[in-house]
Amino acid sequence: MVSPHRRAIPRTVTDVLLWLLASDVAAAHQPQPHRPDRCGNLRCAGQAYPCPPARDAHLAHQAATRPQPRPRGRARVAPPAHQITGWFQTAHTNTRTA
């Protein structure tokens, strides 16, 4: 059986496996319906919500969906104020051996 979140991965996800794991943990650690200040997962045994696994899943979800910084075009370089000539020419030395 395929979970609904596994079909709709956002385009901003950079780490699919981390995002899927974070989504699974976040779905498993929801607040109790009658006590929204307590985690409903049996492993948390009534801990305050958000419990440590829910907080970690939230951080992992943020890390997995953080977009990569993208360059915004080519760098513009101003031309030099003066032309450099002969930069790569070999130096002529007048060395004579006697």
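Residues in residues 26-52 take part in no ring pair (Phe, Tyr, Trp, His ring centres under 6.0 Å) pair, two or more places apart or across chains.
L21 is not listed as a side-chain neighbour of L17, based on a closest heavy-atom distance of 4.5 Å or more. For the pair V13/P10, a side-chain contact is recorded, criterion being any heavy-atom separation below 4.5 Å from C-beta on.
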* Report the C-alpha separation of V16 and I9 in whole Å, then their side-chain angles, then the decisive distance to 0.1 Å, and conclude whether the side-chain contact (heavy atoms from CB on, under 4.5 Å) test is met. => CA-CA 8 Å; V16 176; I9 297 173; 3.7 Å; yes
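With hydrogens and angles disregarded, no donor-acceptor distance shorter than 3.5 Å links the side chain of Q32 to the backbone of R38. With hydrogens and angles disregarded, a donor-acceptor distance shorter than 3.5 Å links the side chain of T14 to the backbone of A64.
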Taking distance alone, no hydrogens or angles, what donor-acceptor pairs closer than 3.5 Å link side-chain atoms of residues 51-62 to residues at least two apart or in another chain?
residue: R55; atom: NH1; partner: P50; partner atom: O; Å: 2.7
residue: H58; atom: NE2; partner: Q62; partner atom: NE2; Å: 3.2
residue: H61; atom: NE2; partner: W19; partner atom: NE1; Å: 2.6

